[in-house]
Amino acid sequence: MHDVRDNAAELIALEDRYGAHNYHPLDLVVEHARGVWLYDVSGKRYLDCVSAYSAVNQGHCHPRIHAALVEQAAKLSLTSRAMRNDRLPGFLQRLTELTGYEMALPMNTGVEAVETAIKLVRRYGYEVKGIAPDRAEIVVFTNNFHGRTTAAISASSTEEYRKDFGPLTPGFVHVPYGDYDALGKAVNENTCAVLIEPIQGEGGVVVPPDGFLKRAWGLCREHRILFVADEIQTGLGRTGDLFACDHEGVKPDVLIVGKALGGGFYPVSAVLASRDLMLLFRPGDHGSTFGGNPLGSAVAIAALDVIVDEHLASRARYAGAKIVQGIRAIGSPSIVEVRGRGLLIGIELTVPARHISEKLLEFGVVAKDTHENVLRIAPPLVISDAEIDLLLGALRKAFDFV
Ligand SMILES: *Cc1c(COP(=O)(O)O)cnc(C)c1O
């Protein structure tokens, strides 16, 4: 009998037959990966400009994170929080010291950390700010992406994410992204928090106007509103700083991290806040069977070490500048704008981004459209000069076709 695993078409058919169709992936079946490179089942390599939506900032299968995973998996993987484990304390200390927060609450996927933050700020609204029961409001922004749970889609303005999934969760107020005046009008005595992505990733790599984050943060201080940054995609070096909020010198009251915190090996997310705020959660109020498990903790410590020791934030800044310059130099009439920060780059096009994305695949580069007309270029932060040249060469060729 032949091995179906060798055959991309058969694997695709199997997946489509037995798996829910909640994604529309490229027909690229990846078999292994290393650094910035993906290898498909036939051995062809592709430069990865998706990076699992920034979950593999450290590069695929980083040997140091891999070693931490293997070593820990052989000793202890899961205890639940019914008891303590010997890896969680070191993880919490490393994460809080690196980010400058007093306390962290570990979860697994990004959206679980978003849910945790929503519960935390609502509790702050009632117990600290004195908002009447069930009246707390969280201001969110048009075109946001905070994940796919019922609460996260309730915070969304994207019809596709919400349609026929109601009744949705009340208490979210929408403001156009980057519109300070609208934000000022939206807050009132029931506002407990403003929840924002410092750059909208899924929304099409949208960078707010200069100074917006700082002004929004100032407004929050004035009105005892918590400024909550969802840095699940923008954090941990991606935008050329450890966090995108650092660019404007803003320290959020609540910081949400995920994706690259697990180094591409394991889902690890966390909510960071002051001690006063975090202690609003009392034993039994919130939890997760897998959150803070020793395997995830060991992986996350290694994932953070790699970001710091390999200077991935400054490498993202350098590589990002070089790539943006290279794309602008292509001078294609199909390019409307090149935007972003560090290695979170969006190319806005006059044509559907899917056209370029399909061409790029032929030339050995995987990059996906975010919104209809925006191509996102977000390779692992370890991308070398030679690899940048390969990427720019492929982009040049792809733009010759449109
Ligand atoms: C990916 C993402 C999430 C959701 O993370 P999951 O791990 O997919 O649950 C939330 N917010 C932002 C900004 C993201 O990019």
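Remember, it's 1-based here, ligands and their atoms both numbered in the order they're listed. Counting begins at 1 with the first residue of the sequence.
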- Note on the structure: Near His146 (heavy-atom distance under 4.0 Å), the atoms of ligand 1 are 10 (C), 11 (N)
- Item | Gap separating the NE2 atom of His223 from the NZ atom of Lys129, nearest 0.5 angstrom | 8.0 Å
- Would you check the N or O atoms of Val114, main chain and side chain alike, for any that come under 3.5 Å of an N or O of ligand 1? no
- the protein heavy atom lying closest to atom 5 (O) of ligand 1 turns out to be Gly110 CA, 3.4 Å
- Cation over ring face, Arg64 and Phe265, 6.0 Å, 45°: no
- Message: Tell me whether Arg148 forms a cation-pi arrangement with Tyr161, defined as NZ or CZ under 6.0 Å from the six-membered ring centre and within 45 degrees of its axis.
- Response: yes
- In ligand 1, the atoms that come under 4.0 Å of a heavy atom of Gln233 are 15 (O)
- Item | Region of Tyr53 that comes within reach of ligand 1 [heavy atoms, distance under 4.0 Å] | neither
- Message: Residue-level breakdown please: for Arg148 versus ligand 1, do any non-hydrogen atoms fall below 4.0 Å on the side chain, on the backbone, on both, or on neither?
- Response: neither
- Query: Under 3.5 Å, N or O to N or O, is Lys259 touching ligand 1 that way?
  - Reply: yes
- Quick one: pull up CG in Leu26 and CG in Leu360 and give me the separation to the nearest 0.5 Å. 10.5 Å
- Message: Please report whether ligand 1 has a polar contact with Val111, defined as an N or O pair separated by less than 3.5 Å (distance criterion only).
- Response: yes
- Query: Counting both backbone and side chain atoms, is some N or O of Glu112 under 3.5 Å from an N or O of ligand 1?
  - Reply: no
- Note on the structure: Rounded to the nearest 0.5 angstrom, the CD1-CG distance for Ile347 and Asn373 is 12.5 Å
- Task: Answer yes or no: does atom CD of Glu15 have more than 12 heavy-atom neighbours from other residues, nucleotides or ligands under 6.0 Å?
- Result: no
- Can you tell me if Glu197 has a non-hydrogen atom under 4.0 Å from ligand 1? yes
- Return yes when atom CD of Glu102 has more than 12 non-hydrogen atoms of other residues, nucleotides or ligands closer than 6.0 Å, and no otherwise. yes
- Any N or O of Asp230 closer than 3.5 Å to N or O of ligand 1: yes
- Message: Rounded at 0.5 Å granularity, tell me how far CD1 in Ile256 sits from CD in Glu231.
- Response: 9.5 Å
